[in-house]
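Notes follow once the structure below has been shown.
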Amino acid sequence: MNGLRKVLRVVDVVVFVCATLAIAGVFCEGMAKKWYDFVGVFVFCSDYSFLLATVLHVIADRKEKIAFVHYFSLTILIVGLIMKVAGIPYHPLVLTIWFQYIWFLYGIILARRYLVR
C-alpha cells in the first residue's frame, strides 16, 4: 500500500496540472471564440488522469474520511460514461463545472498533503 501512496502523489499532481491547463485552455478558447487543438489534449489528459486517480484513491483511501469524495467522483464518472455511450450531449456549463470540481478537489488534496502537517 505504501507503493500505491507514492504513485498517488505523482498522479495527484498530474491531475491538478492537467485540470489547470484544461480550464485555462477552455477559457482561452471561449475568449478567442476559436477551437485550439491543444485544448482537446488538455481535456483528454485531465479526464483520463482523473479517472486513474479516482480508481487509485478508491482503493487506497477506502478507510479514510475523504473516501466519500472519491466514491462521489466515481459515481459522476460512471454517469458521464453512460451519457457518452448513450450519445447524450454535455452542456458546456456542465463541462466547466466538471473541470472546476476536479481542480478544486485535487487542489484540496495537494494542499492537505503538502501544507497541513
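These numbers come from the heavy atoms of this one structure, side chains and all, not from hydrogens, waters or symmetry mates.
- The shortest distance between side-chain heavy atoms of H70 and T75 does not fall below 4.5 Å.
- For CZ of F72, the number of neighbouring non-hydrogen atoms (other residues, nucleotides, ligands) closer than 6.0 Å is 12 at most.
- Hydrophobic clustering (ILVMFWY, side-chain heavy atoms < 4.5 Å, transitive): V79 and V85 are in distinct clusters.
- One hydrophobic cluster holds both I102 and F68 under the rule that ILVMFWY side chains link at heavy-atom gaps under 4.5 Å.
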Show me the donor-acceptor pairs within less than 3.5 Å that the side chains of residues 49-59 make with the rest of the protein, sequence neighbours left out.
{"residue": "S49", "atom": "OG", "partner": "C45", "partner atom": "O", "Å": "2.7"}
{"residue": "S49", "atom": "OG", "partner": "S46", "partner atom": "O", "Å": "3.2"}
{"residue": "T54", "atom": "OG1", "partner": "F50", "partner atom": "O", "Å": "2.8"}
{"residue": "H57", "atom": "ND1", "partner": "D61", "partner atom": "OD2", "Å": "2.6"}
{"residue": "H57", "atom": "NE2", "partner": "D12", "partner atom": "OD1", "Å": "2.8"}
{"residue": "H57", "atom": "NE2", "partner": "D12", "partner atom": "OD2", "Å": "3.2"}

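- Under the 4.5 Å side-chain heavy-atom criterion for grouping Ile, Leu, Val, Met, Phe, Trp and Tyr, I108 is not connected to L8 through any hydrophobic cluster.
- Residues passing the ring pair (Phe, Tyr, Trp, His ring centres under 6.0 Å) test with Y48 are F44, sequence neighbours excluded.
- W98 and L81 fall into different hydrophobic clusters, where Ile, Leu, Val, Met, Phe, Trp and Tyr are joined by side-chain heavy atoms under 4.5 Å apart, directly or via other members.
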Pairs of donor and acceptor atoms involving the side chains of residues 13-23, under 3.5 Å and at least two apart or interchain, shall be tabulated with distances.
{"residue": "T20", "atom": "OG1", "partner": "F16", "partner atom": "O", "Å": "2.8"}
{"residue": "T20", "atom": "OG1", "partner": "W103", "partner atom": "NE1", "Å": "2.7"}

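- A heavy-atom distance below 4.5 Å is not found between the side chains of Y106 and V11.
- Atom NZ of K84 and atom CG of L77 lie 13.5 Å apart (nearest 0.5 Å).
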